[in-house]
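To start, the structure under review is shown below, and the notes come after it.
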Amino acid sequence: MRLEGRVWVYGDHVDTDAIIPARYLSTSDPRELAAHCMEDIDTSFASRVQPGDMLVAGENFGCGSSREHAPLAIQASGIACVVAASFARIFYRNAFNIGLPIVICPEAARAAETGHTLEVDLETGRVSNRVLGVEYQAEAYPDFMLELIRAGGLTPYTKRRLASGVFDRLRGGADARAAGAGP
Amino acid sequence: MSQTLAEKLLASHALRDGAPVPEEARRAIRAGDLIEVAVDVVLANDITAPLAIREFEKLGVETVFDPTAIVLVADHFTPNKDIASAEQCAVMRRFARAQSLRHFYDVGRCGIEHVLLPEAGLVRPGDVVIGADSHTCTYGALGAFSTGMGSTDIAAAMATGATWMRVPETIRIECSGRLGPWVGAKDLILYAIGELGVDGARYRAMEFTGPVIDGLPMAGRFTMANMAIEAGGKAGLFAADRITQAYLEAHPPASGASIPESLSSDSGAVYESTISIDVSDLEPQVALPHLPENARAVSSIDEIPIDQVVIGSCTNGRLDDLREAAEILRGQQIHPDVRCIVLPGSPQVVLEAVREGIFETLIRAGAAVSTPTCGPCLGGHMGILASGERAVSTTNRNFRGRMGHPESEVYLAGPAVAAASAIAGRIASPWEVMA
């Protein structure tokens, strides 16, 4: 899957309060979240971002809170992919779970400037900076993460597995209880 | 076949095709392995539960995997701070009732989740706990593997009783020496985060060991484990010991207060690295804006006038913390230019603080004492900062805009420095204000 877009570049330790301030967490409506994405560090982002654009950042992108509203706001704003030198742990999980493509590529992240165009191939991990004319190799995803991406996120993946019965033992009498059977 | 505590905790819950893996396979599990684990407790709050519930409803099951394993706490934007928050709480409340959840805590009976759960006996040593809140790592203080995740992960776990995890490497933090007067667990963890950096423990379990840790009361252990995430940590672990045992006896879990055997790292366990801290010369710390890693000795900080002090939260909202603040505020007056807001961690903490006369001390000094809520910690309500204002806070994060206006500043500290600063009207150390 190949993505190409104009990039917005930010620095290290862009935290979840910067991505979506807590004052907007009374909603989980993607459009409302998108309207306030990156507000406290770049007031121009939300109004100027175009669908297909990409975010580029330094180390530890998405640090701080576990709020899924953070990758949701980014996804809802039209961002197609986030390329960073490294990701905070919970943000990394959340992004895969909601189907927001993220790529770990320190060299590409450090060289890019706002306004450049990046092309990203999610299958091969090739990242190309169209303006600089340089190609980079991103870190490969673990197989499990690729499965999640192909499934469309954690929810469709989990739904399929639940239907297969693999969690029946853990669910114990949950389904029987629901049907009104048992004590 | 030596394993770290983190490896053991996850291995003991490892699944293959929905069933526990055999003993031999468990002992082979090591850092770096991607495994599926059974979970004992699944937690969410009023800002993360609505998303989780929405995703849960797409999974094709009517009921959660175990209604006694899910814990929902209305603590962030509560008592309902506005219509939007009220609607979110309503979603959570409806779900709790529909699923007959045993552990649903609403306004009046709820506390700040990471103070409440251990007090209510909901986490045991050896448990695997996941929560839709990054400070879920707090329960590592009890010798549980406990970590924060997003709402979709929590939805999947509510339905399946399991989650996927990469087994983390462990960074050992060895603490020796003696803590001086007015120097406590918050100062120690701020110092450690300063040494590690905000991503120095990214994806790692942080394991706290050494004589200082062995003697640290539970309140201090919760404070330290709470802030593991601020160094990027996946978990903040303490081996369960006699102090843990005593805590469990005072706050018994449903299945009893006994500690499973062998809940500590094996002697041959492989650590990624070890940091040794001698606390004998450790001063009270203050983390300057806008990163928790900006820890400095309080004596090194020049005159910085402040507008607000927050004492409490999931980091320092336990009785020990309020006692410490009260010791400093007793008979003193909070500076006229400072608003001091107290956020006790739970109804139990409130009752004990009332009984001990702590609330009277705080109120007479001029503090505003709140019902348990996360409130201003994340810029929600109950004490938001205006442009240019500064707060000293016993909370856990000071990113730009965390407590209000992007042009406000948050200085993180322990209860003693927070109380002293409230009196002085500027960042101050306890001995500056004590006679």
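Numbered from 1 within each chain, the chains take letters A, B, ... in sequence-line order.
- For a residue to count as touching a neighbouring chain, one of its non-hydrogen atoms must lie under 4.5 Å from one of that chain's; by this rule Ala155(B) does not touch chain A.
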Requested in this report: List the steps and the verdict of side-chain contact (heavy atoms from CB on, under 4.5 Å) for Glu119(A) and Val127(A).
Outcome: CA-CA 6 Å; Glu119(A) 187 189 284; Val127(A) 179; over 6 Å; no
Chi angles and distances behind the side-chain contact (heavy atoms from CB on, under 4.5 Å) call for Asp33(B), Arg166(B)
CA-CA 6 Å; Asp33(B) 292 345; Arg166(B) 182 189 172 282; over 6 Å; no
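- Proximity to chain A (any heavy atom under 4.5 Å) is restricted, for Leu291(B), to the side chain, taken from C-beta onward.
- Heavy atoms closer than 4.5 Å to chain A are found nowhere in Thr136(B), neither backbone nor side chain.
- Under a 4.0 Å N-O distance rule, the pair Arg110(A)/Glu59(A) qualifies as a salt bridge.
- Between chain B and the options His69(A), Arg93(A), Arg23(A), the largest number of non-hydrogen pairs under 4.5 Å is found for Arg93(A).
- Aromatic pair Phe167(A)/Phe65(B): ring centres not closer than 6.0 Å.
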Exercise for review: Evaluate the criterion side-chain contact (heavy atoms from CB on, under 4.5 Å) for residue pair Ser65(A) and Arg397(B); output intermediate values, then yes/no.
Suggested key: CA-CA 9 Å; Ser65(A) 168; Arg397(B) 231 167 244 162; 3.7 Å; yes
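- Contacts of Leu15(B) with chain A are made by side-chain atoms alone, with heavy-atom separations under 4.5 Å and no backbone atom involved.
- The candidate from Val198(B), Ile229(B), Asp153(B), Asn396(B) with the greatest count of non-hydrogen atom pairs under 4.5 Å with chain A is Asp153(B).
- Looking at Leu34(B), the atoms closer than 4.5 Å to chain A (heavy atoms on both sides) all sit in the side chain, from C-beta outward.
- If you take CD1 on Ile20(A) and CG on Asp17(A), they are separated by 10.0 Å, rounding to the nearest 0.5 Å.
- Interface residue Glu36(B): only side-chain heavy atoms are found under 4.5 Å from chain A.
- Atom CG of Asp82(B) has more than 12 heavy atoms from other residues, nucleotides or ligands within 6.0 Å.
- Here the CZ-OG distance, from Arg67(A) to Ser134(B), works out to 8.0 Å after rounding to the nearest 0.5 Å.
- Both the backbone and the side chain of Leu59(B) come within contact range of chain A, each with at least one heavy atom under 4.5 Å from a heavy atom of that chain.
- A salt bridge does not link Arg400(B) with Asp40(A): none of the charged nitrogens is closer than 4.0 Å to a carboxylate oxygen.
- The part of Arg54(B) that comes within reach of chain A is its side chain, from C-beta onward, which places non-hydrogen atoms under 4.5 angstrom from that chain.
- Ring centroid separation for the pair Tyr92(A) and Phe61(A) does not come in under the 6.0 Å cut-off.
- Highest contact tally toward chain A, considering only Gly60(B), Gly401(B), Ala156(B), is held by Ala156(B) [criterion: heavy-atom pairs under 4.5 Å].
- Of the listed residues (Ser86(A), Ala18(A), Pro142(A), Ser164(A)), the greatest number of heavy-atom pairs within a distance under 4.5 Å of chain B belongs to Ser86(A).
- His290(B) and Phe399(B) have their aromatic ring centers separated by at least 6.0 angstrom.
- Between Asp121(A) and Arg126(A) there is no salt bridge, since no side-chain N of the basic residue sits under 4.0 Å from a carboxylate O of the acidic one.
- In this structure, chain B has a heavy atom under 4.5 Å from the side chain of Ile90(A), while its backbone stays farther away.
- With a threshold of 4.5 angstrom between heavy atoms, Ala88(A) approaches chain B through N, CA, C or O but not through any side-chain atom.
- Residue Tyr157(A): no heavy atom, backbone or side chain, is found under 4.5 Å from chain B.
- Counting heavy-atom pairs closer than 4.5 Å to chain B, the top-ranked of the candidates Asp12(A), Thr158(A), Thr155(A) is Thr155(A).
- The candidate from Thr48(B), Asp46(B), Leu51(B) with the greatest count of non-hydrogen atom pairs under 4.5 Å with chain A is Leu51(B).
- With respect to chain B, the highest number of heavy-atom pairs below 4.5 Å among His13(A), Glu39(A), Arg160(A), Glu68(A) belongs to Glu68(A).
- Counting heavy-atom pairs closer than 4.5 Å to chain B, the top-ranked of the candidates Ile41(A), Ile98(A), Asn94(A), Asp143(A) is Asn94(A).
- If you measure heavy-atom distances from Glu55(B) to chain A, the contacts under 4.5 Å come from both the backbone and the side chain.
- A distance of 14.0 Å separates OH of Tyr203(B) from CD1 of Ile171(B), quoted to the nearest 0.5 Å.
- When each of Gly161(B), Ala132(B), Ala69(B), Gly148(B) is scored by its heavy-atom pairs under 4.5 Å with chain A, the top score falls to Gly148(B).
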